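Presented below is the structure to which this report refers.
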Protein chains: 2
Amino acid sequence: MTSIRNVQNTHISEQLRQLHGALIDIVSVMNRPQRDEAMVRAAGIALDRALFPLLVGIERLGPIGVVEMADRVGRDHTTVSRQVAKLESLGLIERKGNATDRRVREATITAKGKAMTDLVDAAREKMARAIFASWDERDFEELVRLMRKFADDMKRDVSGDD
Amino acid sequence: MTSIRNVQNTHISEQLRQLHGALIDIVSVMNRPQRDEAMVRAAGIALDRALFPLLVGIERLGPIGVVEMADRVGRDHTTVSRQVAKLESLGLIERKGNATDRRVREATITAKGKAMTDLVDAAREKMARAIFASWDERDFEELVRLMRKFADDMKRDVSGDD
DNA sequence: CCTCAATATGTGTATTGTGCACATAATAGG
DNA sequence: CCTATTATGTGCACAATACACATATTGAGG
């Protein structure tokens, strides 16, 4: 192995560590005393901390079953089963059996639930616009493109050899 | 407001939604049955699920106090206090009072703890290299740069008006 | 120098969240 | 048809978490 190659490898390792650090910071901010929850609470609605990611996920990915959702959030399917049931009883989502596979009971967001995620989305967008206000357009577009690409390749890789 | 401006605003909103979607996917993968934990478990060591993010955080950010760490992970400081105490009793971190402020007991990773995070880091780097194998160098460098910038601006913004 | 609000850490205790063992229903493939 | 696999769900014990409260220290004013 040439020393040039070593340098490059070292450089990539450093870059990867940088990237991981940035991801930690981002997740850290997203974890803050649950900004979303605080938001909604301020709007007069209360929702258990644990239910929020699920509601958002169902809005984004629905109709979606319990198992797939559990895989997404990294929790046991029984845990998610209970939480989804709670969201249903609150009228924030509804479920109906899938036509072709009657084992799955797909969850979809209701108007009431959507009203809630819309509030949160608006708050998030406002925050995001503040963050990107000082960015030039090229960088912004590039971030979106590369982040999307990264997420896709990550998913592909994980499902591939796992 | 001109219609051109509307189009731009709509475009940005779409981009932001894209970005948020990508972030959800990324966090989703990072949440998988705790890849890290599974890794370490495979290496013969067992560590409570909840302790892992803290150990990694202390390795990255240490020396660091309980309150700041709690802020990072979005948990109550009392919860983190107990978890850090557990990490200490396991010999994975150590703590010493800060010289100038004797209220804080800063946590630092030990050799034993470092050995553990090194294992995980190696696994993560391997995974990351697989993901980026098909990327051209420019895109990769740009992703790192922009992600770091994004994380920094995000932090700045949050601490600013919160 | 003294007082008091603010900050960092920690303990007791009740509640919530979570996973495992297990069960049922439906599907898919010999 | 059987049988292995998959999706969902319940009972239960335990882990994780937050709230109320306590102690020690700091720092800013008076």
Side-chain angles (χ1 to χ4, degrees), chain A residues 31-38 41 46-58 61-90 93-108 159 162, chain B residues 31-38 41 46-58 61-90 93-108 159 162:
Chain A
N31 278 343
R32 292 296 159 105
Q34 268 56 40
R35 298 191 78 70
D36 295 347
E37 192 198 12
R41 206 176 280 280
L47 188 63
D48 293 335
R49 202 164 6 100
L51 298 185
F52 226 96
L54 282 187
L55 185 64
V56 173
I58 290 168
L61 310 166
I64 185 174
V66 168
V67 169
E68 191 184 338
M69 202 62 216
D71 193 47
R72 287 267 175 179
V73 297
R75 296 271 166 275
D76 194 85
H77 79 271
T78 62
T79 301
V80 174
S81 173
R82 280 176 246 265
Q83 290 170 334
V84 169
K86 202 178 284 182
L87 284 175
E88 189 179 19
S89 75
L90 290 170
I93 64 160
E94 52 187 14
R95 307 163 86 185
K96 56 172 180 131
N98 179 298
T100 60
D101 185 342
R102 289 184 309 176
R103 286 172 304 182
V104 315
R105 295 181 56 206
E106 292 172 331
T108 319
S159 58
D162 225 34
Chain B
N31 278 343
R32 293 296 160 104
Q34 268 56 41
R35 298 192 77 72
D36 294 347
E37 191 199 11
R41 205 177 280 280
L47 188 63
D48 293 335
R49 199 164 14 94
L51 299 184
F52 227 96
L54 284 187
L55 186 63
V56 173
I58 290 169
L61 310 166
I64 185 173
V66 168
V67 168
E68 191 185 338
M69 202 62 214
D71 193 48
R72 286 265 176 181
V73 297
R75 298 270 168 275
D76 193 86
H77 79 271
T78 62
T79 301
V80 174
S81 174
R82 280 176 244 265
Q83 290 170 335
V84 169
K86 202 178 287 182
L87 284 175
E88 189 179 19
S89 75
L90 290 170
I93 64 160
E94 53 187 12
R95 308 163 84 186
K96 56 172 179 129
N98 178 300
T100 62
D101 186 342
R102 288 184 310 176
R103 288 173 303 180
V104 315
R105 296 180 58 205
E106 292 172 331
T108 318
S159 59
D162 225 36

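Remember, it's a predicted structure, so these values are computed and weren't measured experimentally.
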If I take atom [atom1] in residue [X] and atom [atom2] in nucleotide [N], what distance separates them, rounded to the nearest angstrom?
{"X": "A:Asn98", "N": "C:dA26", "atom1": "CG", "atom2": "C1'", "answer": "12 Å"}
{"X": "A:Phe52", "N": "C:dT16", "atom1": "CZ", "atom2": "C1'", "answer": "18 Å"}
{"X": "B:Asp48", "N": "C:dG19", "atom1": "CG", "atom2": "P", "answer": "13 Å"}
{"X": "A:Ile64", "N": "D:dT6", "atom1": "CD1", "atom2": "C1'", "answer": "16 Å"}
{"X": "A:Leu54", "N": "C:dT16", "atom1": "CG", "atom2": "C1'", "answer": "15 Å"}
{"X": "B:Leu87", "N": "C:dG10", "atom1": "CG", "atom2": "P", "answer": "12 Å"}
{"X": "A:His77", "N": "C:dA25", "atom1": "NE2", "atom2": "C1'", "answer": "13 Å"}
{"X": "A:Glu106", "N": "D:dA7", "atom1": "CD", "atom2": "C1'", "answer": "12 Å"}

Of the nucleotides [options], which has the atom closest to the [X] side chain?
{"X": "B:Ser81", "options": "C:dG19, D:dG9, C:dT11", "result": "C:dT11"}
{"X": "B:Asp101", "options": "C:dG19, D:dT26, D:dA18", "result": "D:dT26"}
{"X": "B:Thr78", "options": "D:dA20, D:dT17, C:dG19", "result": "D:dA20"}
{"X": "A:Arg105", "options": "D:dT8, D:dA16, C:dG19", "result": "D:dT8"}

Self-check item: Side chain A:Arg103 and base D:dT6 donor-acceptor under 3.5 Å
Solution: yes
Practice problem: Name the residue closer to the 5' end of DNA chain C, choosing between A:Arg102 and A:Arg82 according to the nucleotide with the nearest heavy atom. | Solution: A:Arg82
Quiz item: How do A:Asp76 and B:Val67 order along DNA chain C: which one's closest nucleotide is nearer the 5' end?
Solution: B:Val67
Quiz item: Do B:Val84 and B:Glu88 have side chains that get closer than 4.5 Å, going by heavy atoms?
Solution: no
Practice problem: Indicate yes or no: at least one non-hydrogen side-chain atom of A:Val66 is less than 4.5 angstrom from one of A:Arg95. | Solution: yes
Quick one: is [X] getting a side-chain N or O under 4.0 Å of the [N] phosphate, OP1 or OP2?
{"X": "B:Arg95", "N": "C:dG10", "answer": "yes"}
{"X": "A:Lys86", "N": "C:dG17", "answer": "yes"}
{"X": "B:Thr79", "N": "D:dT17", "answer": "no"}

Quiz prompt | Distance in Å, A:Leu90 CG paired with A:Asp48 CG, rounded so as to fall on 0.5 Å steps | solution = 8.0 Å
Exercise. Calculate, to the nearest 0.5 Å, the distance between atoms CZ and CG belonging to B:Arg103 and B:Asn98 respectively.
Key: 10.0 Å
Quiz item: At their closest point, which heavy atom of A:Met69 faces which heavy atom of A:Gly57, and how far apart are they?
Solution: CE-CA, 3.6 Å
Quiz item: Which part of the nucleic acid, if any, lies within contact of B:Gln83, taking any heavy atom under 4.0 Å across all strands shown: a base, the sugar-phosphate backbone alone, or nothing?
Solution: sugar-phosphate
